[in-house]
Amino acid sequence: MAEQLGELTRTHTCGALRPADVGANVVLLGWVHRVRDLGGLLFVDIRDREGITQVVFDKDDETLMAKGKRLRSEYVVGVEGRVRRRSAETVNPKLETGEVEALVRRLTILNEAKTPPFPVADETPVSEDVRLKYRYLDLRRPRLQNNIILRHRVSAAIRKYFDANGFLEIETPILTKSTPEGARDYLVPSRVHPGEFFALPQSPQLFKQILMIAGMDRYVQICKCFRDEDLRADRQPEFTQVDVEMSFARPETIYGVIEPLMRDIFAVVGRAIETPFPRMSYADAIAKYGSDKPDLRPGMEIQDLRELFRESSFRVFRDIVANAGTVRGFVIPKASHYSRSEVDGIVDMAKQQLGATGLVWARRMDDGAVTSSVMKAMGEDAVRQMLDATSTGPGSLIFIAAGEPDSTSKLLGQLRLILAKKDGLLRPDDYLFTWVVDFPLLEWDAEEKRYASMHHPFTAPHDADLDKMGIDPGHARAKAYDLVLNGSEIGGGSIRIHDASLQSRIFSLLNISEEEAKLRFGFFLEALEYGTPPHGGIALGLDRIVAILSNESSIREVIAFPKTATATDLMSDAPSPVDAKQLRELHIQLREQKS
RNA sequence: GGGGUGGUAGUUCAGUUGGUUAGAACGCCGGCCUGUCACGCCGGAGGCCGCGGGUUCGAGUCCCGUCCACCCCGCCA
């Protein structure tokens, strides 16, 4: 039976007591972390967010001892007692409070607790579905407590930084307008307007641009965004963005704001990072790393080997080069530990999992001897020559692929990361940032047979590429940039179009008719015509940043109440059916499920 | 939509070529214990082997389907 709190007032948290408090009468409020019953002596660890304190029951007081023996894991208690110093032999160096303990004078059992489905008091791994169902218990454990506390401190540092730099935090609507393009919207039916829907924002994009038109100059918001797409370890249907927009900004203006911000964020975990961040064009990122979010930690850049094979006797590669294909490869400098069968296994794995067709390898052994999977076809001299040309020294190994340029780079990029991870080259304590810039403005959508915006339709083209838009729109570059850290895209943004006529041209390139544009973005196009300052911004993925800082491989570990890979909440069991009455009010009729 | 890994006690796992009564550790319950701190010692309870079907004399184990969790591809301006 639970007792009431009454006049019980906390004097210290469970992480607070020190030798200086010896003799004090204290009240601790918290959870029973662990019980050690020695018969005539009972130790109980009391836990709260701040720490753990040991309290002692002595059998001098039999009633009190009897009550203490009722305590079980996760009971909520109030303990009144006197602080005393522990003898030298009984100090617990693992606890901040380990030099002292409290001798209990009064115990209040504020609540009992069922036996938890998994131990809260230790870090033993538990399957994720159980953790998600009992999220409130998982959140009591140190891992998530620390992550959530870290997340708060990062958010606080962000707000402090932007406040100090003249940004205004302004809220934008959650109930907003559905727009074509981009991710699938979460829709909210309107009760008042039958058949009409709000959409939850994929990002506050148009609103923040309108705030610039409204003269707010510098805007920031830590906001929830919603995208109804399939999930990944780093993607949740609702996620948090640090959304930023600035008037009169060039890309350098944005870098100049974001780099010191990242410095402040990393200072939260005591890490110094170097600024400015290096910049790399999108084309280089694809060519050298096979990815638009390159992980720079392992080195092992992909090299263009076309010249080596243009005149080669190795016909397969020569033909590919002759037919506008590519031959590329990357070197693993320290590969002595790979056995022949292991290397063959890697090729098999790449064929199966990555769809590699023409993957070959060559290596120089520690003693200088050379071998290759195509030794016969190429000839030893040619192999040796190739290894020389690619700086494949003793003990190193090169993987080479040939074919269509983009897919070849992508394949090598994936393989590079798999092998780097295997060899422990993705060191979690290295933080390598880079800006990826000069994205293409548009990409060809083969399915819909039209151009689509690579970033979004409000992205400004490069000044130098404005004239390309009529003749060769596919090669126009955008004033867009991504911030990449250790192979993770942690932010992306662009300078926006501030000119209504240019915006209209973009829509027509995207095959969005004037009527369609008016219907979907009319309010915005009209706003553009009332004195829009040049402006641009960026959005940072807060969940991903905190995940990297806490060395977690999934953003679920830094979100208090995340969803599963099938976008459900195992704790609340959302989504769930609703009453027929609710549906009627919303003018919604359910269709029979197709079987 | 596609590919992969896993699902056995409350939890984490083991379970042989298909063969007796499905095990261990931790947790839980009871007992003993005055300096423990992952307390210790003794005893006990606890299982729809994810679910449904099939093969078989016999299925945790083999086959088919299905559900759930996780990872990846597609998708994510």
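All values below were derived from every heavy atom in this structure, side-chain atoms included, with hydrogens, water molecules and symmetry-related copies excluded. Bear in mind that the values here come from a model prediction, so they are computed numbers and not experimental data. Letters go in sequence order (proteins before strands), and every chain restarts at 1.
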Whole angstrom value for the distance that separates C1' of B/C67 from CG of A/Leu570: 13 Å
Both distances below 3.5 Å, Watson-Crick or wobble geometry, any strand: find the nucleotide opposite B/G18. none
Could you check whether A/Arg18 pairs with A/Asp21 (Lys NZ or Arg NE/NH1/NH2 to Asp/Glu carboxylate O, under 4.0 Å)? no
Where is the tightest heavy-atom contact between A/Thr532 and A/Leu528, given as atom of each residue plus distance? OG1-O, 2.9 Å
Which part of the nucleic acid does A/Arg131 contact within heavy-atom distance under 4.0 Å: base, sugar-phosphate only, or nothing? nothing
Per the ring pair (Phe, Tyr, Trp, His ring centres under 6.0 Å) rule, what does the pair list look like for residues 57-105 of chain A, sequence neighbours excluded? none
How would nucleotides 22-35 of chain B be written as a contact map, 5' to 3', with B for base contact, S for sugar-phosphate-only contact and - for no contact, using protein heavy atoms under 4.0 Å? ------SSS--BBB
Could I get the full list of salt bridge (charged side-chain N to carboxylate O under 4.0 Å, His left out) partners for A/Glu50, not counting sequence neighbours? none
Any-strand Watson-Crick or G-U partner of B/A24, both distances under 3.5 Å: B/U12
5'-most by nearest nucleotide on RNA chain B - A/Glu443 or A/Pro125: A/Pro125
Across the strands shown, which category fits A/Thr566 at heavy-atom distances under 4.0 angstrom: base, sugar-phosphate, nothing? sugar-phosphate
Can you tell me the distance, in whole Å, between the CD atom of A/Glu123 and the C1' atom of B/A38? 13 Å
Grab the CZ-P distance between A/Arg227 and B/C75 for me, whole Å please. 15 Å
Sub-3.5 Å donor-acceptor pair from the side chain of A/Arg544 to the main-chain atoms of A/Glu489, do we have one? yes
What residues from residues 91-98 of chain A pass a heavy-atom cutoff of under 4.0 Å to RNA chain B? A/Val91, A/Asn92, A/Lys94
Under 4.0 Å, counting only non-hydrogen atoms across every strand here, what does A/Lys114 touch: a base, just sugar-phosphate, or nothing? nothing
Between B/G46 and B/G40, how far is it from one C1' atom to the other, in whole Å? 24 Å
Any A/Arg34 side-chain nitrogen or oxygen under 4.0 Å from OP1 or OP2 of B/C39: yes
Any side-chain heavy-atom pair from A/Phe439 and A/Thr459 closer than 4.5 angstrom? no
Both distances below 3.5 Å, Watson-Crick or wobble geometry, any strand: find the nucleotide opposite B/G60. none
Regarding A/Ala183, tell me which of base, sugar-phosphate or nothing describes its non-hydrogen contacts under 4.0 Å with the strands shown. sugar-phosphate
Under the 3.5 angstrom rule, does the side chain of A/Arg141 hit a backbone N or O of A/Thr124 as a donor-acceptor pair? yes
Separation of A/Glu557 atom CD from B/A69 atom P, in whole Å? 16 Å
When all nucleic acid strands are considered with a 4.0 Å heavy-atom cut-off, which category describes A/Pro457: base, sugar-phosphate, or nothing? base
How far, in whole Å, is B/G27 from B/C42 if one measures between their P atoms? 14 Å
Which whole-number value in Å describes the distance from A/Gln414 CD to B/C71 P? 17 Å
Atom pair distance, as rounded to whole Å: CD in A/Glu128 and C1' in B/C70: 7 Å
Between B/G19 and B/C28, how far is it from one C1' atom to the other, in whole Å? 33 Å
Has A/Thr568 got a side-chain N or O lying under 4.0 Å from the OP1 or OP2 atom of B/A69? yes
Same-atom distance (P) from B/C49 to B/G74, integer angstrom: 39 Å
Tell me whether the side-chain N/O atoms of A/Ser127 come closer than 4.0 Å to OP1 or OP2 in B/U11. no
If you measure from the P atom in B/A24 to the same atom in B/G47, how many Å do you get, rounded? 15 Å
Geometric class of the A/Tyr186/A/Phe226 ring pair [parallel <30°, tilted 30-60°, perpendicular >60°]: perpendicular
Go through A/Leu441 and A/Lys468 one step at a time and tell me if the side chain to side chain contact (heavy atoms under 4.5 Å, CB included) criterion holds. CA-CA 11 Å; A/Leu441 184 68; A/Lys468 272 194 190 158; over 6 Å; no
Is A/Lys133 close enough to B/G10 that one of its side-chain N or O atoms is under 4.0 Å from OP1 or OP2 there? no
Between A/Thr124 and B/U12, is there a contact of a side-chain N or O with OP1 or OP2 at under 4.0 Å? no
Partner of B/C41 under the Watson-Crick or G-U wobble criteria, both distances under 3.5 Å, comes out as B/G31
Gap in Å between the two P atoms, one belonging to B/A22 and one to B/G65, rounded: 30 Å
Find the distance between NZ (A/Lys59) and CG (A/Leu42) and round it off to the nearest 0.5 Å. 12.5 Å
Given the structure, check if the side chain of A/Arg235 and the base of B/C76 hold any donor-acceptor pair shorter than 3.5 Å. yes
A/Tyr136 vs A/Tyr134 aromatic rings, parallel, tilted or perpendicular, using cut-offs 30° and 60°? perpendicular
Pair A/Thr172, A/Gln221 - check side-chain hydrogen bond (donor to acceptor under 3.5 Å, both in side chains), show working. CA-CA 8 Å; A/Thr172 52; A/Gln221 184 182 192; 3.0 Å; yes
Counting only Watson-Crick pairs (N1-N3 plus N6-O4 or O6-N4) and G-U wobbles (N1-O2, O6-N3), all under 3.5 Å, who is the partner of B/U5? B/A69
Taking the same atom, P, in B/G10 and in B/C29, what whole-Å distance lies between them? 15 Å
Would you please classify the geometry between the A/Phe207 ring and the A/Phe523 ring as parallel, tilted or perpendicular, with 30° and 60° separating the classes? tilted
RNA chain B: A/Ala452 or A/Arg556, which has the more 5' nearest nucleotide? A/Arg556
Pair partner, B/G74 [Watson-Crick or wobble, under 3.5 Å]: none
Kindly say whether A/Arg85 contributes a backbone atom to a donor-acceptor pair with the side chain of A/Glu99 at under 3.5 angstrom? no
B/A69 P sits how many Å from A/Leu231 CG, rounded? 11 Å
Just to verify, what does A/Glu443 make a salt bridge (charged side-chain N to carboxylate O under 4.0 Å, His left out) with, not counting sequence neighbours? none
Output yes when at least one side-chain N/O atom of A/Arg36 is less than 4.0 Å from OP1 or OP2 of B/C39, else no. yes
Nearest-Å distance once atom C1' is located in both B/U12 and B/C67: 23 Å
Calculate the interatomic distance between A/Asp185 atom CG and B/C75 atom C1'; express it in whole Å. 15 Å
Polar pairs (N or O, both sides) under 3.5 Å between protein and nucleotides 1-7 of chain B?
none

So what's B/G46 paired with, Watson-Crick or G-U wobble, going by both distances under 3.5 Å? none
